[in-house]
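The structure appears right after this line, and notes come after that.
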Number of protein chains: 2
Amino acid sequence: MKIVSQRTGLSPHVVRAWEKRYGAVEPNRSGTNRRLYSESDIARLNLLHALTRAGHSIGQIGTLSTAQLQELTKKTIGNENGLGHFPDGDQLERDEAAWDDEMNGAIDQHLAAALDACRRMDQAKLEAVLSRAIVRLGYSGIIERLAGPLITTIGEEWHEGNMTVAQEHAATVTIRAFIEKHVRQYPISHGGPTIVITTPAGQIHELGAFLATAVAKKAGWNVVYLGASLPAAEIVGAVVQSGASALALSISYPADDPDLPMELLTLRQLAGDDLNVFAGGRSAHAYARALQESNIALIADLGSLRQKLLSLRGHQPTPSA
Amino acid sequence: MKIVSQRTGLSPHVVRAWEKRYGAVEPNRSGTNRRLYSESDIARLNLLHALTRAGHSIGQIGTLSTAQLQELTKKTIGNENGLGHFPDGDQLERDEAAWDDEMNGAIDQHLAAALDACRRMDQAKLEAVLSRAIVRLGYSGIIERLAGPLITTIGEEWHEGNMTVAQEHAATVTIRAFIEKHVRQYPISHGGPTIVITTPAGQIHELGAFLATAVAKKAGWNVVYLGASLPAAEIVGAVVQSGASALALSISYPADDPDLPMELLTLRQLAGDDLNVFAGGRSAHAYARALQESNIALIADLGSLRQKLLSLRGHQPTPSA
DNA sequence: CATTTCTATTCAATATATAGACAATGTTTG
DNA sequence: CAAACATTGTCTATATATTGAATAGAAATG
């Protein structure tokens, strides 16, 4: 099945090799010898994939029971969102740095390939690059380390005239579609608090906000996403109507909009002092003073946003309307 | 049979092949051996179609019971909300007119529910409504009979001030995400001709163009989708760079942009006379004269677009750069 | 009579399966 | 240290399956 390859990020070759060499999974066969994978087969492959990425050799773990694998995952990788590396596994500490270097190199390669695809307006190619990258970087990695930097770069190239508007648009919609497709796998968290995400009036690039929605969903928030360029009154209206307890704004271009500070002040006045408001993005720092005056927290990057949302959710488990 | 084809998005050939090879549906026959499909047959075909687009092979799922299919759909595509009712009263083709009325009634209901969700900015609800509709209306139906009218209505409500910008935005991104997820996932057709789809400068609503990409992909075209609001020079640049042999423009709001006619003329001048250019959308007819002067074909609706693209591809199998 | 549907058959493009080889890396041994 | 070996992802070659689409002739429809 091709789905298996897509859902595990492993090439069909590898999946078959693992089966043949280590009996990692033994799917049923159809009458004509096709492999038929069950959900649990796929889950097991994902486990194995995660563990091999964490440094375990497939030969060692391929024959373990699924329960043992889960045990091992908990011990080695920990609980998923924690960033802290715990290098007390036997084999990990050695080349932590080297591994990191390699990872950064890989990201650079992916970035270059993606940029090239954008320049040639080859949307299929760009999607292929992203797909290949998600295998290596994982879900959060692709958002925070590939897609994020990519749109920043594209924005700059566009701003400096090295990229046409059409190229920028083509890239935007493709990245958006890709994230859309993969974000979807995370269910809506019904109990979680709600956050409104958008960009203020005049801010025309929506991708930053879009990536933020992915991060927020992953962090267990209920997201109302409104796209780009909304006036303050509209934003506050949406916050009130949805009963959101937080608001995130993306600010990328332009970086020198004289109207934006006033817009932010208006926003704060209309919303009252209780609403948590964040702002991030390529040019957010350019409005640092305005943000401070409006009591809006400046978020450095998507990783920080995730941290912030996680801790906020911890302290404030139920949304207050 | 033709109706079935339209409502499922499957070609008559495929429907017969599925019946013959896998017994996917076994419609009753008229006295003269014509196939008579029931409502539930069509719903079942829609289910199968959705699942094959999601990657399941028809050979594996074609013989499953309808209940199993629904189960599978829930698991793979993930609709937390029940999938459309199957009309189990076995009313085969009893009365064309009555049936049509009922269908229109169903669509109206869906439309009303969707609009309500948009008003309350309940994105989850809106998605639920769309999900429920897709089995009944099918691939083409959801685009041409639900999503299309829905965005038109939203546009009008917004234009008349009955809907806020935030509501309009929220609806737009949700519909866009839904189409992306359920409908647009078609394999890239290598070898097919290429079409560029976008909206001209000043046209801020992208959804019409977005739906058009779904139609074009289904019709076997290679699509370069550029989102909203591009100047003529950029559009032509994209056409040249991608080697496209056609261009489709969506025109919805505003309906009285004094600059648009000039923009269209410029477009035609830059592109030369050989490029096939279409325009459609809520307000396209308002620019009928400008379109004619620029030699741009006016497309009435998405169904016409599909027809047009199919015939064009037939006569012009290889794209000329 | 033009159009549509039906059956039956064929075609071509992908996907998948098996077996084996290979390269890069790391490990053990002499 | 070098040679031999083990591990593991990737690649090739070839055969078979799958599946959407195409074709042709007969029957039905309007």
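Worth saying up front: this structure is predicted, and the values here are computed from it rather than measured.
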Exercise. Does a nitrogen or oxygen in the side chain of A:Tyr22 sit under 4.0 Å from OP1 or OP2 of D:dT8?
Worked result: yes

Exercise. What's the closest nucleotide to the A:Ser11 side chain, out of C:dT7, D:dT10, D:dT8?
Worked result: D:dT10

Exercise. Hey, which of B:Phe278, B:Tyr225, B:Phe210 is the one that makes side-chain contact (heavy atoms from CB on, under 4.5 Å) with B:Ile197?
Worked result: B:Tyr225

Exercise. Whole Å only: how far is the CG atom of B:Leu10 from the C1' atom of D:dT19?
Worked result: 13 Å

Problem set entry | From A:Thr174 atom OG1 to A:Lys125 atom NZ, the distance as rounded to the nearest 0.5 Å | 13.0 Å

Exercise. With a 4.0 Å cut-off on heavy atoms, is A:Arg35 in touch with a base, just the backbone sugar-phosphate, or nothing at all?
Worked result: sugar-phosphate

Seminar exercise, completed: Here the distance between atom P of D:dG20 and atom NE2 of B:His56, to the nearest Å, is 15 Å

Problem set entry | Distance in Å, A:Thr66 OG1 paired with A:Gln70 CD, rounded so as to fall on 0.5 Å steps | 7.0 Å

Exercise. How many Å lie between CZ on A:Arg16 and C1' on D:dG9, as a whole number?
Worked result: 14 Å

Problem set entry | Distance in angstrom units between B:Trp18 CH2 and D:dA21 P, rounded | 10 Å

Problem set entry | Short side-chain N/O contact from B:Thr32 to OP1 or OP2 of C:dT5, under 4.0 Å | no

Seminar exercise, completed: Ranking D:dA22, D:dT19, C:dA17 by distance to the side chain of B:His13, first place goes to D:dA22

Exercise. Within the structure, does a side-chain N or O atom of A:Arg21 lie under 4.0 Å from either OP1 or OP2 of C:dG20?
Worked result: no

For this session: Mind calculating the distance between NZ (B:Lys218) and P (D:dG20) to the nearest angstrom?
Result: 11 Å

Seminar exercise, completed: In whole angstroms, the gap separating C1' of D:dT18 from CD1 of B:Ile61 amounts to 13 Å

For this session: Name the nucleic acid region contacted by B:Lys20, choosing base, sugar-phosphate or nothing; use a 4.0 angstrom heavy-atom cut-off, strictly under.
Result: base

Seminar exercise, completed: note: A:Ile3, atom CD1; C:dT16, atom C1'; distance rounded to Å ~ 14 Å

For this session: Return the value, rounded to whole Å, for the distance between atom NZ of B:Lys2 and atom P of D:dG30.
Result: 13 Å

For this session: Assess whether side chain to side chain contact (heavy atoms under 4.5 Å, CB included) is satisfied between A:Tyr37 and A:Asn28, documenting all intermediate values.
Result: CA-CA 7 Å; A:Tyr37 292 90; A:Asn28 289 15; over 6 Å; no

Problem set entry | From CA spacing to verdict: salt bridge (charged side-chain N to carboxylate O under 4.0 Å, His left out), B:Glu39, B:Arg7 | CA-CA 11 Å; B:Glu39 213 33 48; B:Arg7 287 189 50 199; 2.9 Å; yes

Seminar exercise, completed: Of D:dG9, C:dA15, C:dT18, the nucleotide closest to the side chain of A:Arg34 is C:dA15

Exercise. For the side chain of B:Asn33, counting heavy atoms from C-beta on, which of C:dA17, C:dT7, D:dT8 is nearest?
Worked result: C:dT7

For this session: Hey, which sits more toward the 5' end of DNA chain C by its nearest nucleotide, B:Arg29 or A:Leu36?
Result: B:Arg29

